[in-house]
Each structure stands twice: as structure tokens, then as C-alpha cells.
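Chain identifiers are assigned alphabetically (A, B, ...) following the order of the sequence lines, protein sequences preceding nucleic acid strands; residue numbering begins at 1 within each chain.
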Amino acid sequence: MRFALIDFETESACDLKKSGAWVYSEHPTTNILCLGYTLDGGPSIVISADELLDVWGDKTAQLWAAVNDPTVIFIAHNCSFEKGIWRNIMVAVFGWPDIPNERWHDTQAVCAMKGLPLKLERAASALRLSARKDTDGTKATLDLGRTDKKGYYNSTPEKLQRVYDYNASDIVAELELHRRVRGLGASERRVWLLDQTINERGVRLDMEFVSAAQKVCDDAAKPLLAEFRSLTGIDKLRSPKLKDWLIKQGCPFPRDADGKPDTSLSKENVAKLLGEDDDQEDLTDQEDAYGCESYQQPLPFAYRRSLEILQIVGSASIKKLAAMQACCGSDGRAHGLLQYHGTGTGLWSGRLLQPQNFPRPSLKIVVGFDKDGNEIFGGHDPEQLVAAVKTRDAEFVRLMFGEPIAAVVSGLRHSIVASEGCLLESADLKQIQARVVLALAGQHDKVRLMEGGATPYVPMAESIFKRKINKIVDLKEYTIGKCTILGCGFGMGALTFRRRYCPNETVEYAQHAIDVYRQEFAPLVPKLWYGLEEASIKAVWDRTPQEAFGIVYQLEDGWLTARLPSGRKLWYFDPRPVRKAMPWDKDDIRPGFEYSCWKMGQWIRRTGYGGLETQNVVSGIARDLLVNGMFNIENAGHKVVFNVHDENIAEVEAECADASMFDKYMTGNIPNWAKALHIPVASDCWVGPRYRK
DNA sequence: CGGCAATGCGCC
DNA sequence: AAACGGCGCATTGCCG
């Protein structure tokens, strides 16, 4: 295969990190400093910006020929950046021919698939490659590429030469990386090409709404922030200084069993500190609804008021409004929001405005009254909320929906809209992880229970509490049953279960729920954990392929792979056999294995265990089903615009939008391997002009 | 001044 | 006889 590996160095007043490659590359101040390349692994050649204009120069002519040769593949590390520069500058300004997506290859995508760090120098270091990215050169390029306070670049011939040298050494590092990690494989390449289509297609944003929401938030926050500052002397709401200040004020943080105060300022803890319960919330809502002036309360302690302000204004999510403004392109769309294989198991992660963690709507609106005259609460209507915000009048929003900032937060996801004349379609795979783990374990009685749409949560709760459970009357017990089914599939322990689902109960209570899951509800699931654990450890120790539950573990060229039923592989880098002592007996030493992965911003060694492997395999299978849905959607002529782990969001001409058809794309045309596993695939769908939950 | 690591928060 | 996991962004202080 012939290839050209390329790398641009650029300068711009635009912030690449905030705006993303697309907006950066179409920004009028963005200039190419140089373009480095190697043809088929030959010497690195650096073309300066001036030379680039001379199409007949030696260096340029060779590249020009490669561009015009449809058999030459263009390779870059994070090629979205190179593609953006190519299309918005090389093609649009310099008149070079375009290079279609089918001729691009991304070494970063391969790093993502194989569980390596995404940053070039980190990947090279993890692989112990001899060529390393020149980090001083990076700094020099960044220095050169940024404007000073007056908006000038501080370029000199010496500095430019430094950038050219750095560019050339980068090409060498990228080439070595490419030769080590190689390609994606035919099947994943198709997924990656779809990823590129989706990222380039972008997501339409309602910028009128975004700008109005920003104004409403600013206006509503202004007096509150001023009050906060005068109360505490602290500038930023989320400053850790607030915690110290609160402690000094004698704020009565709740104490745990050991009498240690919980000083976390999490949403939950702040609510606890303010002693809020439902009755009080209702009272506040009522006052707002009638527009009455609050009655004069006894002067609250300063800390109490500061916490109230934190609660109202402290939502970090409204920062998404600024993110949207920064990354919205000239076409009114945000591009590059998804990272291919951003998670270890192949799911996408979110970038820039991060469409995967919009706050869930929290507004409770009176939607009617029951026969006793009690209010019935429901979610807000997206169009009503958007219309109110678009008045740009915080007080009007307050009148309609209560606290303006809370209203905007609740409606943040409505910033995402369908293209002109189109509607959004959305579907999420119902309880996909619980279904897959039961099916893979062969626990078919419980799979059928979920398949029929019958809720398995009631029988689960009845097993735990050994009595009849009614979903309405015994809501607490029902919820425990639900959490047990959804949460216990990967070997969760009693302490975690208690902390997460029932912090006010005893550890024994939590342990009992877990025992019932493992012994009565799904006894085959623990067998799955231990089966995968044993197979993976044996594959690493014996260096021979091992199969369990249809998953094949195998050492491959420095990785441990887990082959899923679809044939796709999960990759664990640098697996090594280790001996580890059991926590219950330090003299009980058993074989295990560890591998390297990127976790919480760090490249770490981590020990494999059955629960984790099961989680990975199940997530991987769910991803394959999501991808199957994506291809079905695209083949039907609908356009996927993004996804959220188990949910696909597409757009299509309004007259073609149809929730029940969309459900069929998501759940139909199931591959044979999934049929063989008897995974019941179902989805929840909606169609509408705006993103919602 | 910018990059980096640590921490907290939002989602699935 | 144990262990739920996965992300990205904003903010901060630290460091060069």
C-alpha cells in the first residue's frame, strides 16, 4: 500500500482546544506554518508555507502527484485536524484537490482501539519506540502559533526553523508508531469511516437559544454572585476555599458513623446541609408560581445563604453554553463531538461541548390535578421552555418556570436541534447491559423475564424481602430490586452497593440483596465472572488461546485480546502474569495478570479480575449492537448525528421521521451471533425537533 | 504565562 | 472467600 504520512504545523488566534479542529481550520486567522510528510516511509520532507504556494517546486510537486493518485492513502495522527486544515485551507485557499475520507487513515484511531494513550508522545513512550515526540518542539510551535496580547505573532526565521525541525522529527515518530500499531482491520475501518461521516456532518445548534440562555443565566446570577462575594470574600463559587470558609463558620456538616464530618460540597450533601425535603420545595415553588414576595425569614447564617447560592448558580453545566459558542461552525453546526473508540470497549466518548453529559431535566411542572385536587407533576415542555428563554428575560423565565438558572440547566439539551426541514429521532437500547450479561451467562429464564416486557424488578424485590411487593406501595423495596438487577451483574460488593443504593441501611442489608442476586436470581452470572477470569489468566500464563462463554482470550504481539461473539476484539496492552495474595489470606497466593491502561488521566498498571472482564465484554457486545443500529439507520437514509453510549440520535426529513421505524433500525436486522446468544434487543424511541430525554 | 496533575461534577 | 465500570470538562494549585 502506498501512503503519505503528513503533519501540519499552524498558527492561529483561535483556541484549538475549545473550538475543535473544524472551527479552528475555518478561522480566518489560522495559517499553515509548514507541512511535513513522508512518502511510503522515505525521508521526512518539510514544506514551508511559502514553498506550498509554489506547486511546481520539487517538494510540492511530489506531494501534488500523491494527492492526485487515488491509490495513495493519507495518514495522520488525529487526522480530523489534518483533514480540517486540508479542506479549509489547502483546498479552499490554495486550490489543492480534496482527499476523500476513504483515502485517510488515522493512527490515533488505532491507538484508541488498541488501548494505547491517544497523545502521540504518550503512545510512543508506552510502546517504547525509539523515536519520541520532541516536546520542546511542541512548546516552540505553540509559542509561535499563538498571538501576544496585541494580537501579533512573534515569529523569527530562527524560531520558524525550529518548528520545521520539530515537524520533521514528529513525522519520524508518527511513522514508527504507524508501523508498530498498523491498521484497524476491515470491519472497524467501516465503523471509523462512519464515525468520520458523523463528526463531519455535525450537530445543529440553536444559537439563538444558546445566546438567550447565556443572557438569562448571566442576569439571574449577577446579584447572587455579588451577594456570595460579599458574604464569603471568595470570587469563584466552586473554589475549594469555600469548604475551608464553611468549616471556619462552624457549618454543621453531617457526620458518618465514625463521627468524621462529610465536608463534600456535592449536590446531595449541600441539599442535606440545607435540610431540604419535598415539603419545603413545594412551598418554594408555590410562592414562585404566585409571584409573591418571599416572607421575611429570620436572617440566615451567612453559610446557609452561601450554600443556597451555590445550589442555584453552582451548576457547572451552564459552561456548556460557552462551549457551544466556541465550537459552533459557520454552518451553525458543531463538528467533532465524538471520539472514535473513546472508551476501552469501543463506545464513543464526547468532546468539546460533550453531548454525552447534558444534565437530565429536573424541573417539576404542575401538569394537572388528580381527583382529590392534588397537583400532578411532570417534566417541562421543551418548546415552552425554549420560547420562554428566548425572550431573554430572566424574570419572565422565573415567572413561568421558577429559578431561571435551574430552568436553563433543565433545558440545556434543547440547544441541539434538527436541520432545517428535519426532525431528530432517538432510541436507546433498553436495559442493554443487564440483558446482555444475563444472556451471555446463559441465564435464559431471567432473559425471558426481561424480554416479555414484564418487570423482573418485582420478583427480585420479593426474593430479597421474602414477601409480596407492590411497585407503588413498596417503592423503596421495589427500587432496591431494580438496583440489584441493574447493578449486580459485574460483581459489586456490599460496601459499594450500600454506598450507592441504600446508604441508610446496614452492610448486612446490602449483602443480603447481593446474595439473593448471586444465589437465587442469576446463579449463572458469577460463573461467567469466574469463567472469564480463569480464561484470561490462563491465556496470559500459558501463552495459549483460551475460550470461555464464547469469548476467546489470546496473546497477540504485546497485547491480550478478547474476541467477542461479533469477531471484534478488545485489546489489553502489555499483559504480564503476576502472583497476588488473596485479601482474606495473605499466604493464599494465586496467579493473576495485569496490563496497562489509561485511567483517570494516568497511564497505570491494573489487575484484571472477573467482574471487570465481564463488564468489558458486556459493554463491548452492547457497542456492537449500537453500531449495528447505526448502520441500519444510515442504510435507511437517515443520518446519525451523535450517540450517548446506548442511544443513537439521527436526523431525517420531517416527512420521513417515524419513531416505530426508528425502533426497527435500532433493534432489527440483528446479526447472527446476537441471535445465537438470545439477547432480547428493545428500544425506547422518540421523534421531535429538539434533543430531549 | 502555559502545561500538568488532582479534584469534583455531570452523564451512561 | 474480592473488586462495578466508563468518560470529558472546569477549576485549582504547582511548576517551569
For this session: Sort and list the pairs that fulfil salt bridge (Lys or Arg N to Asp or Glu O under 4.0 Å) and have at least one residue in residues 425-440 of chain A, not counting sequence neighbours.
Result: Lys430(A)-Asp684(A)
Problem set entry | Sequence-distant partners of Phe642(A), ring-ring contact (aromatic ring centres under 6.0 Å, His included), two or more places apart | Tyr691(A)
Exercise. OP1 or OP2 of dG8(C) sitting under 4.0 Å from any side-chain N/O of Ser349(A)?
Worked result: yes
Seminar exercise, completed: Whole-Å distance, Leu570(A) CG to dG5(C) C1', equals 13 Å
Exercise. His335(A) vs Trp22(A) aromatic rings, parallel, tilted or perpendicular, using cut-offs 30° and 60°?
Worked result: tilted
Exercise. How long is the line joining NZ of Lys18(A) and C1' of dT11(C), in whole Å?
Worked result: 12 Å
Exercise. Counting distance only, does the side-chain N/O of Ser125(A) pair as donor-acceptor with the main-chain N or O of Glu121(A) below 3.5 Å?
Worked result: no
For this session: Determine, for Trp603(A) and Arg122(A), whether the Lys NZ or Arg CZ falls below 6.0 Å from the six-membered ring centre while staying within 45 degrees of the axis.
Result: no
For this session: Applying salt bridge (charged side-chain N to carboxylate O under 4.0 Å, His left out), name anything that partners Glu533(A), two or more places apart in sequence or on another chain.
Result: none
Seminar exercise, completed: Per nearest nucleotide of DNA chain C, the residue lying toward the 5' end, Trp598(A) or Met492(A), is Met492(A)
Seminar exercise, completed: Applying side chain to side chain donor-acceptor pair (under 3.5 Å) to His380(A) and not counting sequence neighbours gives His414(A)
Exercise. Taking only residues two or more places apart in sequence or in another chain, which ones pass side chain to side chain contact (heavy atoms under 4.5 Å, CB included) with Ala221(A)?
Worked result: Leu225(A), Val313(A), Ile405(A)
For this session: Answer with base, sugar-phosphate or nothing: what part of the nucleic acid does Gly489(A) contact at a heavy-atom distance below 4.0 Å?
Result: nothing
Exercise. Atom CH2 of Trp348(A) and atom C1' of dG8(C): how far apart are they, to the nearest Å?
Worked result: 18 Å
Problem set entry | Counterpart residues, salt bridge (charged side-chain N to carboxylate O under 4.0 Å, His left out), relative to Arg606(A) (two or more places apart) | none
Exercise. Hey, is the side chain of Lys320(A) poking within less than 4.0 Å of OP1 or OP2 on dC9(C), counting only N and O atoms?
Worked result: no
Exercise. Roughly, in whole Å, what's the span from CZ in Arg590(A) to C1' in dA3(C)?
Worked result: 14 Å
Exercise. Hey, is the side chain of Glu533(A) pairing donor to acceptor with the base of dA2(C) inside 3.5 Å?
Worked result: no
Exercise. What integer distance in Å separates Trp529(A):CH2 from dG5(C):P?
Worked result: 13 Å
Exercise. Looking at DNA chain C, which of residues 602-625 of chain A put a heavy atom within less than 4.0 Å of it?
Worked result: Arg606(A), Tyr609(A), Leu612(A), Gln615(A)
For this session: Check the distance between dC7(C)'s C1' and Gln339(A)'s CD and give it to me in whole angstrom.
Result: 11 Å
Seminar exercise, completed: Residues passing the side chain to side chain donor-acceptor pair (under 3.5 Å) test with Arg568(A), sequence neighbours excluded, are Asp624(A)
Anything under 3.5 Å between a protein N or O and an N or O of nucleotides 8-12 of chain B, put it in a table, one pair a line.
| residue | atom | partner | partner atom | Å |
| --- | --- | --- | --- | --- |
| dC9(B) | OP1 | Leu265(A) | O | 3.0 |
| dC9(B) | OP1 | Ser266(A) | N | 3.0 |
| dG10(B) | N2 | Asn357(A) | ND2 | 3.4 |
| dG10(B) | N3 | Asn357(A) | ND2 | 3.0 |
| dC11(B) | OP1 | Arg360(A) | N | 2.6 |
| dC12(B) | OP1 | Arg360(A) | NH1 | 2.4 |
| dC12(B) | OP2 | Arg360(A) | NH1 | 2.8 |
| dC12(B) | O3' | Asp646(A) | OD1 | 2.9 |

Exercise. In degrees rounded to 10°, what angle is found between the helical axes fit to the five outermost pairs at each end of the helix from dC1(B)-dG16(C) to dC12(B)-dG5(C)?
Worked result: 0°
For this session: With heavy atoms under 4.0 Å as the rule, sort Leu353(A) into base, sugar-phosphate or nothing.
Result: nothing
Exercise. In whole angstroms, how far is the P atom of dG5(C) from the OH atom of Tyr572(A)?
Worked result: 13 Å
Exercise. For the pair made of CG in Leu321(A) and P in dA10(C), what is the distance, rounded to whole Å?
Worked result: 12 Å
Report, one line per pair, each donor and acceptor closer than 3.5 Å where one atom sits in a side chain of residues 514-530 of chain A; sequence neighbours left out.
| residue | atom | partner | partner atom | Å |
| --- | --- | --- | --- | --- |
| Asp515(A) | OD1 | Gln511(A) | NE2 | 2.9 |
| Arg518(A) | NH2 | Met492(A) | O | 2.9 |
| Trp529(A) | NE1 | Gly489(A) | O | 2.7 |

Problem set entry | Partner residues of Glu534(A) under the salt bridge (charged side-chain N to carboxylate O under 4.0 Å, His left out) criterion, sequence neighbours left out | none
Exercise. dT11(C) phosphate, OP1 or OP2: any side-chain N/O from Lys319(A) under 4.0 angstrom?
Worked result: yes
